[in-house]
2 protein chains.
Amino acid sequence: MKKPKPAPAYHHGNLRAGLIEAALALLDEGGVEAVTIRAVARRAGVTHAAPANHFRDRKALLTALATGIFAKLAGRIAAKLAAARGGREARLQVFADAVTGFALAHPHRYRLLWRRDSLDDGDAGLQQAMDAIYDRLVAELSEDGASSVSADSRAVALWSMVHGYVALRLDGNFVALRDARTRAPRQAAIVMALIEGIGGAGKAKPKR
Amino acid sequence: MKKPKPAPAYHHGNLRAGLIEAALALLDEGGVEAVTIRAVARRAGVTHAAPANHFRDRKALLTALATGIFAKLAGRIAAKLAAARGGREARLQVFADAVTGFALAHPHRYRLLWRRDSLDDGDAGLQQAMDAIYDRLVAELSEDGASSVSADSRAVALWSMVHGYVALRLDGNFVALRDARTRAPRQAAIVMALIEGIGGAGKAKPKR
DNA sequence: GGCCGTATATTGACGGCGTCAATTTACGTC
DNA sequence: GACGTAAATTGACGCCGTCAATATACGGCC
């Protein structure tokens, strides 16, 4: 009797966070397509036009969602690198593992990060969150200058390879296999290939 | 006077091709989002339900579109490789150039190829068209066995790197830059990085 | 040459979507 | 306790994909 209105109603304060939470749940369940403004509103217990007060449009909602996800990914990478032991090559593997692990654990979240057509291109927070990861990688790779290509290009090479591998894995174009020679997981094998090089016989891998 | 009906009307034969053509034009103009069944029908000069006779649903239409694009890309790669001169490393650059060039020339087409959520996952023709490219690459890489990782992994490494680089380029995360050291286009620099390896100082690049 | 079955195209409807405008509700402040 | 304003609701619009019912035109068969 004391509470004839069981739903305390949002009104000021917590709806924005509630919408993000609902959107994340919908994203995990059904991918970005399932994250419609109306579905998010239903899940949060408000009417279909309520989100408009907090997000200009669907892109804005997805951009906020993606920014949070990016931050979480960056944090995860940083944490694993901070805890990593071993030399430079091991650290590159840690980086690749962190990205691959996150993407395989939360495929829809990772995919959203790159759905530029569903996100606000100009959003500063989003761009910044992504740059943070790239900068971390350049720092890891700039320590020595022996390679014939610049640290920038090496960073682009690794980042491209990891992202490409993950994207193709998530799309079902690759399956989880182990390298036929080293028995290492494919994901580790390709990083090894990049570290050692795949040039002509005997050129790279001076294991001698 | 002779032709009171200027539009000969499709009816039998050419509508399917007309729809694909219209869809491709819409794709180039506005991306996959712009390829709606109704817009395609309008462009082809038929009513909104006519396409249903040729494509079960939107996914089927996009899948047919993607299959054709994949075939064209595979043909382009094969042609450039057939015409290529130079050693194995040069051929890898040719492969990477072919993919990158196609993607940058027709960004929306390339993006569609990987929009698995908008395509029929089980479609045999589509899978086959994609496998053709990958198999070509494995063949290029399987000639020698000196690397510590298998040819399969080397193919995955290169294909992942090229695809990842292109995907990131198309999303605006990279801009067209030249390597700070070699002055080669970034795209060529990262392939070089993979060929030579990015391992610790002096380990790769035995230029000595 | 005329009939007819079937493939093809049209018409119309349904629910869901994003978004906008008008309205009502509830909070903080004075 | 009244009031201004931010927040939420209601209702509408046009677009979308899809389905069912209907109309149309082709090709084979007599």
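These numbers come from the heavy atoms of this one structure, side chains and all, not from hydrogens, waters or symmetry mates. Just so it is clear: chains get the letters A, B, ... in the order the sequence lines come, proteins before strands, and each one is counted from 1. Computed from a predicted model, the values in this text were never measured in an experiment.
- For A49(A), whose side chain is taken as the heavy atoms from C-beta onward, the closest listed nucleotide among dA7(D), dA21(C), dT18(D) is dA21(C).
- Contact of H48(B) with dG12(C) (side chain to base): a donor-acceptor pair of N or O atoms is detected under 3.5 Å.
- Between the side chain of N53(B) and the base of dA7(C), no donor-acceptor pair under 3.5 Å is found.
- Using cut-offs of 30° and 60° on the angle between ring planes, the pair H163(A) and W114(A) is tilted.
- Listed pair R42(B) / dC16(D) meets the phosphate criterion, a side-chain N or O lying under 4.0 Å from OP1 or OP2.
- In terms of heavy atoms, V94(B) sits closest to K80(B) at CG1-O, 3.7 Å.
- Looking at D123(A), its side chain does come within 3.5 Å of a backbone N or O of G125(A) through a donor-acceptor pair.
- Look at CZ on R16(B): it is 16 Å from P on dA7(C), rounded to the nearest Å.
- One atom, CG of N14(B), and another, C1' of dA7(C), lie 14 Å apart when rounded to the nearest Å.
- Around CD of E21(A), the count of heavy atoms belonging to other residues, nucleotides or ligands within 6.0 Å does not exceed 12.
- Side chain of I37(A), nearest nucleotide from dT19(C), dT9(D), dT18(D): dT19(C).
- Between R56(A) atom CZ and dT19(C) atom P the separation is 11 Å, expressed in whole Å.
- The one candidate from V32(B), L26(B), L19(B), L27(B) that meets the side-chain contact (heavy atoms from CB on, under 4.5 Å) condition with L65(B) is L27(B).
- Between dA9(C) and T47(B), no contact under 4.0 Å exists linking OP1 or OP2 to a side-chain N or O.
- Take the nearest nucleotide of DNA chain D for R38(A) and for A50(A): the residue whose nucleotide is more 5' is A50(A).
- Heavy-atom distances under 4.0 Å link DNA chain D to no residue of residues 58-69 of chain A.
- Nucleotide dG17(D) holds its P atom 12 Å from the CD atom of E33(A), rounded to whole Å.
- With respect to D171(A) and R111(A), a salt bridge is recorded, a charged nitrogen being found less than 4.0 Å from a carboxylate O.
- Here dA8(D) presents its P atom at 11 Å from CZ of F55(A), a figure rounded to the nearest Å.
- Distance CG (L15(A)) to P (dA8(D)): 5 Å, rounded to an integer number of Å.
- Distance R43(A) CZ to dC17(C) P: 14 Å, rounded to the nearest Å.
- Within the 4.5 Å cutoff, side-chain heavy atoms of I133(B) are placed close to those of F95(B).
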